[in-house]
Amino acid sequence: MIRVRFAPSPTGLLHIGGARTALFNYLFAKRYNGKYILRIEDTDIERSTKESVDNLIRSLKWLGLSWDEGPEIGGNFGPYYQTHRFDLYKKYLDKLIDTGDAYPCFCSPEELKKERDEQLKSGAPVKYSGKCRNLTPEKLKENIEKEKQFSIRFKVPEHKKIVFKDLIHGDMEFDSEILGDFVIMRSNGYPTYNYSVVIDDALMKITHIIRGDDHLSNTPKQVMLYESLGFPLPIFAHVSMILGVDGTRLSKRHGATSVEEFKKQGFLPEAIDNFLALLGWSAPEKDGKQEEILSLEEMSKLFSLEHVSKTPAMMNIDKLHWINGIYLRKRDPEEILSLTPNILDHEFFNKNREKALRYIKALKDHFFTLNDVESHITDFTEWKLEKELVGPLNENYIALLKKMLIFIKKSGSLDLSNVGKAFKFLSKEFGIKGKELYIPMRKILSGKEEGAQLQYFFILLSKEELIRRFEAAIKEFE
RNA sequence: GUCCCCAUCGUCUAGUGGUUAGGACACCGCCCUUUCACGGCGGCGACAGGGGUUCAACUCCCCUUGGGGACGCCA
């Protein structure tokens, strides 16, 4: 049974890179009928917040990446918050101390920083000197009696080859020599990432660790821990990072970086899932074609880590817009309206649902994000008669306009059907048809060169407004 | 500074020794059409550089360059 996990730290909004990691884990689990677990890594008491946990959960659910075990639903391998697992960390810590694989370190942060700075300056490899590694029993006792604060470090074996399997990068090999003894338990009693992650992944029986490749160089540390503790080694898969358009690590400077921000910008969850999957993964070719528009369901059937690229991927907002537009067009006007309920408050609609739906139908193909739904209202509300845009009109056309005005004034409510009939009638009567008829009129009515079809202006604008626009045009051109 | 990872069109990618180097977004053109958009068709456009290995390298090896990451009592 394949078991994978997404293990974010709740120190902010769910990052788009984190979302992709979660997605890959999810797809991998679904593909092989495994379990996808959510675990909250909240051991950084300074930065972890409840709000972040809530945001993480909300964003993940919104993306449709629901977990099989984790917060809210539990599971057989809980608890799923690291802060609730302290007894476990303690238990294995004792074991490491007993076997001599871990030892207390009394160095102060200041001391360590000084050490590091000197190494950096001299060009030597930066690693802990191992100062406290072989403290005499007397010294140890003395330090403890003085109630000196201490952390626990893992004793890195000398000149040991550390090997592990990585499904994306291939077999990896490191020399333990590059690593200094690292802290596994902080002096405040909280475990560090490299330690807790191992205990949890091992105890939760995680078989594949899919995560960002910023963790690649941490992996040797974790592998040593697995070995010391006698845990079976999982298989790793280090996915490349997502970069901003300038090729540097995605950060606030690049605009939206969190799932929540993308949501605010009017992107649909299925579009984000699809887009994120394509950032690094590609569906296998079928009949020489490579399908790119894929639902979570479809991707769950096709996903494999073999088709995940090693190359870092830059955000391509244009493509996200394109994908979003496709999914938006797949939705019913009713659905789109339910996602943009605020437009009903706009005075143009004045709570008129039916009118809002007509509007959405008229402009659906023009929407790329949900925010476009609102911003396009101005296509109808902002109007200016542009004489140059419309071009010269002959007397015949002006007469037609006058007749149209009468039609508007005389008719009851306007709909696609009676407006269509009116056009047909006028076309015949004045001998003007096709472009000759429609283009000048839509320029008059919309004041713009592009936008919804002409008929929609008749059924969306109020009669007063239609009359106003026609009268202005007649006056102007007569 | 030390170590690690990565390198195909502007961007996302296919490609696993022999291909006219394929697709997608963007861009441009044409078509469809009562405009724009949508849609359809077509075009532009890439193997970072240098050495090897080989009958044959985008593909394998080495170096250079460029980019990213790690080196925390952050994750």
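Chain A is the first sequence line, chain B the second, and so forth, proteins listed ahead of strands; every chain is numbered from 1.
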P-based separation of C55(B) from A48(B) [nearest Å] = 25 Å

Spacing of Lys310(A) atom NZ relative to A7(B) atom C1', expressed in whole Å = 11 Å

Sticking with atom P, work out how far G39(B) lies from A7(B), rounded to a whole angstrom.
-> 33 Å

Could you give the distance separating C6(B) and C60(B) at their P atoms, to the nearest angstrom?
-> 11 Å

Identify whether a stacking contact exists between Trp322(A) and C25(B), where the ring centres must be under 5.5 Å apart and the planes under 30° apart.
-> no

Does Phe423(A) have its ring centroid less than 6.0 Å away from the ring centroid of Phe458(A)?
-> yes

Residue pair Arg20(A) / Ser240(A), side-chain heavy-atom distance below 4.5 Å = yes

Nucleotide nearest Glu450(A) when distance is taken to its side chain, options C73(B), C36(B), A75(B) | C36(B)

C1' atom, U59(B) versus A21(B): distance in rounded Å?
-> 11 Å

Row check, Tyr128(A) ring normal vs Arg116(A) NZ/CZ: under 6.0 Å, within 45° = no

Sugar-phosphate or base contact per nucleotide [nucleotides 8-20 of chain B; S, B, -; heavy atom under 4.0 Å] | ---BBSSS-----

With a 3.5 angstrom cut-off on both distances, give the Watson-Crick or G-U wobble partner of A21(B), or none if there isn't one.
-> none

Any strand: nucleotide that pairs with G66(B) via Watson-Crick or wobble, under 3.5 Å | C6(B)

For C25(B) and G43(B), measure between their C1' atoms and round to the nearest Å.
-> 16 Å

If you check the Ile178(A) side chain, which of C3(B), C6(B), C71(B) turns out closest?
-> C3(B)

Once the angle between the rings of Tyr190(A) and Phe86(A) is folded into 0 to 90°, is it parallel (under 30°), tilted (30 to 60°) or perpendicular (over 60°)?
-> perpendicular

Ring pair (Phe, Tyr, Trp, His ring centres under 6.0 Å) pairs touching residues 310-332 of chain A, sequence neighbours excluded, are Phe267(A)-His321(A)

Listed nucleotide nearest any side-chain atom of Glu41(A), set A75(B), U35(B), C6(B) | A75(B)

Please state the P separation for the pair A14(B) and G72(B) - nearest whole angstrom.
-> 35 Å

Compute the ring centroids of Phe24(A) and His208(A), then answer whether they are less than 6.0 Å apart.
-> no

Which value, in whole Å, describes the distance between the C1' atoms of nucleotides C30(B) and U20(B)?
-> 24 Å

Are the charged groups of Lys330(A) and Glu270(A) less than 4.0 angstrom apart, N to O?
-> no

Any strand is fair game: report the nucleotide pairing with U59(B) by Watson-Crick or G-U wobble, both distances under 3.5 Å, or none.
-> none

In Watson-Crick or G-U wobble terms, both distances under 3.5 Å, what is the partner of C71(B)?
-> G1(B)

Among A75(B), C5(B), A37(B), the nucleotide that comes nearest once only the side chain of Phe368(A) is considered = A37(B)

Hunt down the Watson-Crick or G-U wobble partner of G42(B), both distances under 3.5 Å, from any strand shown, or write none.
-> C28(B)

Any Thr43(A) side-chain N or O less than 4.0 Å from OP1/OP2 of A75(B) | yes

Please state whether the base of U34(B) and the side chain of Arg442(A) form at least one donor-acceptor pair under 3.5 Å?
-> no

Would you say Arg47(A) reaches A75(B)'s phosphate, i.e. side-chain N/O to OP1/OP2 under 4.0 Å?
-> no

Counting only heavy atoms not in Glu436(A), do more than 12 fall under 6.0 Å of its CD?
-> no

Separation of G72(B) atom P from Tyr193(A) atom OH, nearest Å, is 16 Å

Examine the base of C5(B) for any acceptor or donor lying under 3.5 Å from a partner atom in the side chain of His238(A), and report the outcome as yes or no.
-> no

Mind checking the P distance from U16(B) to G22(B)? Whole angstroms is fine.
-> 14 Å

